[in-house]
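By convention here, the first residue in the shown sequence is residue 1. Being a predicted model, the structure only gives us computed values, none of them experimental.
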Amino acid sequence: MSEKMPNMDYDADEVINEFKERIKWPKAKEVDAVVKPSRVPLRLLLSLLITLVGSGILYYMMLPAFNFKDSQMYLFFIAVVALFVAAFYVTCRANKYIERKEYVRKKSFVPLIIVGVIVLVMAVGYVAGVTLFRAHSYSQLMSVETSDFSEDFADITYDEVPRLDRQTANYLADQQLGKLDEYKSQYVVTANSTQINYNGTPVRVAYLEYANILKWWNNTKNGLPAYMVIDLVSQKVNVVNCVEQFGEGIKYSPTELFNEKLVRHIRFQYPTALLDTPNFEIDESGHPYWITPVLDHTIGLFGGTDVKGAIITDALTGESDYYDIETVRSDSELNWIDVVYSESLIVQQYNYYGKLQNGFWNSIFFQNDVNVASSGSGNIALDDDVWVYTGVTSIEADTSNFGFILCNQRTKETRYYKNGGATEYSAMAAAEDTVQNYEYRATFPILLDIEGQPTYFMSFYGDGYTIRGFALVNLEDKTIVGRGVYDEEKSMANALNAAVENYINALKDEGIVGSDADAEDYMVDENSVEDGDNTDANETKALSVTGEVTDIKSSVNDGNTVYYLQIDGKYYYISVVDAMQVLLISTGDTVTVEYTEAKGDFIPATSVTVNE
């Protein structure tokens, strides 16, 4: 019986290790022979076909320009080479046979050389365009001429300048879309609106976007049905129905997904062009177009970005025409185009101009005569064009500007003005300090000439982004402020008149202008200024509460005493500057408080009246 028993005298670890040795994948150094796969030409052909298909998909997604000055093109070719090597690796089944893997590795030497050459060209092209070696060339990208403020701004009147900035204009457009049942569930308003001059009026135009991919699926066949025009002066928003006015919708836009996607459509038409971000504009008849700046790198392969022309694409039909930049600047038939140079490119080129005039090392160490654009920029209409406005400050980002520039977004004409003072954001803060009780916010300012004084003009807006008033802040002395608010003046015209009257009086008090300065020269007629969409103002200006004051508190904010009156469990607060009678109120008095918005337990009041 015992002779038939199996031999149990063995080591389990030895058995397992022996099994591992039999099935393990050998290391490359353990392979004695490199085996060439059979039918190599067929495998090469199959790899090329896979690479061709993959490259087509990759190109469709990346959309590089076949231009030696486009870094995306080099990355695309590197990806193509990598795709071919991967395809050849798989078709040779190198993942199954280690000896074939060695064969593929050795045959990959040529593709690696190609990638190395591409990387070398990119590196040399980059080094040839770095500011360290080409500082002078960068400083010459923009030509800047010193100009006279009073002369250039003489014809700009403060009652005709934009009262909305990009943020408030986009919000009002979105608000208007929400009132249109046929659009609001399918589309949203883009945040990328464009400021243009439309029939002599500063407006922003904004296209629609599909709300989501399902809404795109339901509507892409007919395209986007409309676009929005926001009047920056009257604050009115007009929805232009393209189907009704032009017979078809906007078929080509950034919100499409396939061949109708704007940048892809233009790339197929102009495969070698370096494309900047397209701008949505309309001509004087309201026909929608896309204006796509065509760029050029003028320093090295990738440095010194500038505009060499523009592609005008019909947003309805997709037809495109290219014009060089000199034609765009000089051809009167193209004067309706307003934006060719983006704000970011203008600011970038000015920073090169301001920093590198005296060389690269000076911009780093000595910083003699080094200046840069301030942190904010806005737009102003001048000479029937749109100009970018930004202050000029030191490289250390001082809290004040020592000048400012205007740059034409169609021609790149740039003017420098030696008028220094407060930065845009500090001027906004100074204006907002005058309306603390309303908690209004200020739009980004623009500059005007009031009595020969460079003056920041800005609008006030509330939580609903409806314009509620205006402020004028002196550029050189931000403590000189004139304000006018709708809630007190009851109309936009009165608010404008109050702002300029208060401002000129403040200038007189400081002795900056003579006693003969007359605010009447700037007054506007009651009917000449539209109140815009002040639904909120009309609804809230009559809100009031009458009751017994059960508690009184006070605080000092930036030197202004604010009183808080408790009525029916809520506190209504107002500054002593705005209601001197609040000093005479005691606990137990019955008062009537007028206010604009009732949010929370602390409500800003506009007036307080003691009831006898």
Side-chain angles (χ1 to χ4, degrees), residues 65-73 129 134 136-145 147 192 194-198 205 262-263 265-267 269-284 287-315 319-353 373 377 379-390 405-416:
F66 291 124
N67 188 312
F68 286 108
K69 296 183 179 182
D70 184 13
S71 60
Q72 286 289 100
M73 182 193 74
R134 307 293 299 276
H136 179 73
S137 297
Y138 276 96
S139 69
Q140 300 300 309
L141 286 173
M142 173 179 283
S143 178
V144 180
E145 299 292 335
S147 193
N192 300 318
T194 308
Q195 181 169 333
I196 64 172
N197 284 338
Y198 178 52
V205 287
L262 180 63
V263 67
H265 175 73
I266 298 175
R267 169 60 68 224
Q269 292 178 318
Y270 299 91
T272 64
L274 299 176
L275 305 177
D276 200 357
T277 303
N279 302 303
F280 182 72
E281 294 197 35
I282 57 177
D283 64 12
E284 300 303 325
H287 193 102
Y289 290 92
W290 297 101
I291 311 301
T292 307
V294 177
L295 304 177
D296 187 22
H297 297 308
T298 61
I299 305 174
L301 278 182
F302 311 120
T305 303
D306 207 352
V307 175
K308 61 180 290 186
I311 297 172
I312 303 175
T313 304
D314 190 313
E319 296 180 0
S320 300
D321 292 295
Y322 170 78
Y323 298 92
D324 63 71
I325 191 61
E326 291 303 322
T327 302
V328 174
R329 291 168 175 168
S330 60
D331 192 338
S332 60
E333 294 184 358
L334 300 178
N335 280 351
W336 61 271
I337 298 174
D338 285 307
V339 181
V340 178
Y341 292 87
S342 66
E343 291 185 30
S344 60
L345 180 61
I346 287 171
V347 170
Q348 181 190 67
Q349 289 196 356
Y350 182 81
N351 286 341
Y352 287 142
Y353 172 86
S377 62
N379 302 98
I380 190 172
L382 185 67
D383 301 331
D384 199 32
D385 277 323
V386 176
W387 298 65
V388 172
Y389 153 78
T390 184
I405 63 168
L406 289 183
C407 184
N408 191 311
Q409 288 195 268
R410 182 174 62 88
T411 67
K412 206 176 74 168
E413 177 188 352
T414 306
R415 303 173 184 176
Y416 171 71

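Side-chain atoms of Asn67 come within 3.5 Å of backbone N or O of Thr272 as a donor-acceptor pair. For Thr194 (side chain) and Phe280 (main-chain N/O), a donor-acceptor pair under 3.5 Å exists by modelled atom type. Of the possible polar contacts, none joining the Gln409 side chain to the Val340 backbone as a donor-acceptor pair under 3.5 Å is found. A donor-acceptor pair under 3.5 Å is absent between the side-chain atoms of Asp296 and the main chain of Thr298, judged by distance alone. A distance-only check finds a donor-acceptor pair linking the side chain of Trp387 to the backbone of Leu382 [under 3.5 Å].
In this structure, the side-chain contact (heavy atoms from CB on, under 4.5 Å) partners of Tyr353, at least two apart in sequence or on a different chain, are Val144, Tyr350, Gln357. Arg410 meets the salt bridge (charged side-chain N to carboxylate O under 4.0 Å, His left out) test with Asp385; sequence neighbours excluded. With sequence neighbours excluded, the residues that form a side-chain contact (heavy atoms from CB on, under 4.5 Å) with Asp283 are Ser285, His287, Tyr289, Trp336.
Looking at every heavy atom in both residues, Val294 comes nearest to Tyr322 through CG2-CE1, 3.7 Å.
Results of the side chain to side chain contact (heavy atoms under 4.5 Å, CB included) test with Thr305 over Gln349, His297, Lys69 single out His297 as the only residue that passes.
Rounding to the nearest 0.5 angstrom, the gap separating the CG atom in Asn408 from the CG atom in Asp338 is 8.5 Å.
Taking the charged nitrogens against the carboxylate oxygens, Asp70 and Arg267 have no contact shorter than 4.0 Å, which rules out a salt bridge.
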